[in-house]
Amino acid sequence: MLASGSPDTSSRCPRRKAIRRARPGPLGSALATASGAAVLAAVLAAPSSASAPLGARSGHGTLPAASSLVAEVRRAILAARSVHLDLVERGPGANETIVGDAGLHSGRQELRSGKAWVQIRLTPQDAYFRGDPSGLREALGMPAADVRRAGTRWVAVGAGTSAYRTFKANLLVSGLPAAFLPSSGNVTVSRATVLGKQAYRLSWSFTASGKRWQLRLDVASTGRRLPIEESGTSGRDRQHATFSNWGELVRVTVPHDTIPFAKVTG
C-alpha cells in the first residue's frame, strides 16, 4: 500500500497485458487506485521490440525491420502531439469501455464498466476526477468514507502531488509510446488493410499471469507512421483500441463545484 496521495500503478491486469487498463491498488486513505481503466490511461500494451530480419520480404516488396518501424512510430506519435482513443474490453466478467483524448499538456478520459463510471480531466495546473459510488470504489479503489465525502462532485488534485503526477503520466500523449509499442521479444512485420488504409502490422505475443496474449498493432504504411488500431486476445478475452484525430487540439474545461482532494481523504 502506498502513502496517502500516491496512486499505485500496479494492476489487477498485469502491466504486460494486452491493451491494458492500469488498475492501481489502494492509495492508503487517498485515491485508492489510479486505474488504468481509471486513470484511464489505459491501454498499456505489452512490449516487444525485437526486430524482424532486415530486408524481410512480402509479396509487395521489402518490409521494414521491426525495430526501425517501432522507432518511426514512436517519433510520429510524439510529433503528432495529441490523439483520440477508444478502448473496449470484452470477456468473461469484463465489459468496459474507455474514451479519451491525450494532448501535449492536457487530457481527459472516461471509463464505463457495466453501470459504473469514472471521469478524469487533466490541465497543466490540476487534475480532476469524479464518478458514481461503484466507479470510485471499483475503478479507483477509494475507501467507502472517501466515496461518501466525494459524492458525485469533481475532486481537485493539485499539481506537484503524487496523485497529479500519476494522472499526468497516464493522460498525456507522451505516455503513449510506452503504453502501446512493443519493447522486447519477438515481433513480426506484415502488411494489412485497415479501415480502408494500407498499413504495416506489428505482431507479438507474451505471457502474463499464466495467460498467453496475442497482440497486433496496425500503423499507417504511407505518410506518418501513426497507429490506427491495436488488438489483443487471450482465450475468450478481447481488447481493442482505435486511434483517431491525430494532432487535433485537446481542450479541457475546468469543472465547477470541486472539492479538494485533501477534504475527501479526511
Side-chain angles (χ1 to χ4, degrees), residues 1-13 15 20-44 82 85 87 96-175 179 250-266:
M1 178 176 291
L2 300 184
S4 174
S6 303
D8 182 358
T9 52
S10 64
S11 166
R12 73 179 175 88
C13 299
R15 181 177 181 80
R20 149 202 161 171
R21 318 132 24 317
R23 197 61 83 180
L27 289 180
S29 62
L31 225 178
T33 303
S35 110
V39 174
L40 304 190
V43 187
L44 287 183
S82 68
L85 301 172
L87 302 113
E96 293 190 355
T97 60
I98 296 173
V99 178
D101 294 282
L104 195 61
H105 302 295
S106 301
R108 56 175 167 253
Q109 290 190 353
E110 178 174 349
L111 160 73
R112 291 194 176 271
S113 179
K115 294 182 178 180
W117 60 275
V118 173
Q119 296 175 331
I120 298 174
R121 297 181 187 179
L122 179 80
T123 73
Q125 293 77 33
D126 300 280
Y128 306 89
F129 69 89
R130 70 173 179 176
D132 67 358
S134 294
L136 295 178
R137 286 194 308 267
E138 297 168 16
L140 294 181
M142 291 177 65
D146 294 358
V147 170
R148 286 193 298 272
R149 282 189 285 266
T152 56
R153 289 176 295 179
W154 285 98
V155 178
V157 179
T161 63
S162 296
Y164 179 87
R165 287 192 291 272
T166 296
F167 288 131
K168 183 177 179 180
N170 284 302
L171 271 76
L172 299 183
V173 72
S174 56
V250 175
R251 291 188 175 89
V252 175
T253 303
V254 174
H256 299 293
D257 187 29
T258 63
I259 179 173
F261 188 49
K263 287 189 177 181
V264 170
T265 60

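Counting begins at 1 with the first residue of the sequence.
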### Message
Between Asp132 (side chain only) and Trp117 (backbone N and O only), is there a donor and an acceptor less than 3.5 Å apart?
### Response
yes

### Message
So, using side chain to side chain donor-acceptor pair (under 3.5 Å) as the criterion, who are the partners of Arg149 when residues are at least two apart?
### Response
Asp146

### Query
At what distance, to the nearest 0.5 angstrom, does NZ of Lys168 lie from OG1 of Thr161?
11.0 Å

### Message
Do the side chains of Arg153 and Asp257 get close enough for a salt bridge, i.e. N-O under 4.0 angstrom?
### Response
no

### Task
For residues Gly107 and Val250, report the shortest heavy-atom separation together with the two atoms involved.
CA-CG1, 4.3 Å

### Task
Using salt bridge (charged side-chain N to carboxylate O under 4.0 Å, His left out) as the criterion, list what pairs up with Asp126, not counting sequence neighbours.
none

### Interatomic distance, Ile120 atom CD1 to Leu140 atom CG [nearest 0.5 angstrom]
6.0 Å

### Summary
Heavy atoms of Thr166 and Asn170 approach each other most closely as O-ND2, 2.9 Å

### Task
With rounding to the nearest 0.5 Å, note down the distance linking OH in Tyr128 to CD in Gln119.
14.5 Å

#### Entry: Test side chain to side chain donor-acceptor pair (under 3.5 Å) applied to Arg165 - qualifying residues, sequence neighbours left out
Ser162

### Query
Under 4.5 Å between any side-chain heavy atoms of Met142 and Val264, yes or no?
yes

### Message
Given 3.5 Å as the limit, does a donor-acceptor pair link the side chain of Ser106 with the main chain of Gly103, or not?
### Response
no

### Query
Does Tyr164 reach the main-chain N or O of Leu122 with its side chain, forming a donor-acceptor pair under 3.5 Å?
no

### Query
Hey, what's the ring geometry for Phe129 with Phe167, parallel, tilted or perpendicular (30° and 60° as the breaks)?
tilted

## Note on the structure
Closest non-hydrogen atoms of Val173 and Ser82, given as atom of the first, atom of the second and distance, are CG2-N, 3.9 Å

### Query
With no hydrogens and no angle check, is any side-chain donor or acceptor of Ser113 less than 3.5 Å from a backbone partner on Ala116?
no

### Message
Can a donor-acceptor pair be found, under 3.5 Å and without considering hydrogens, that links the side chain of Arg121 to the backbone of Thr253?
### Response
yes

### Summary
The reported gap from CZ in Arg108 to CG in Leu171 (rounded to nearest 0.5 angstrom) is 10.5 Å

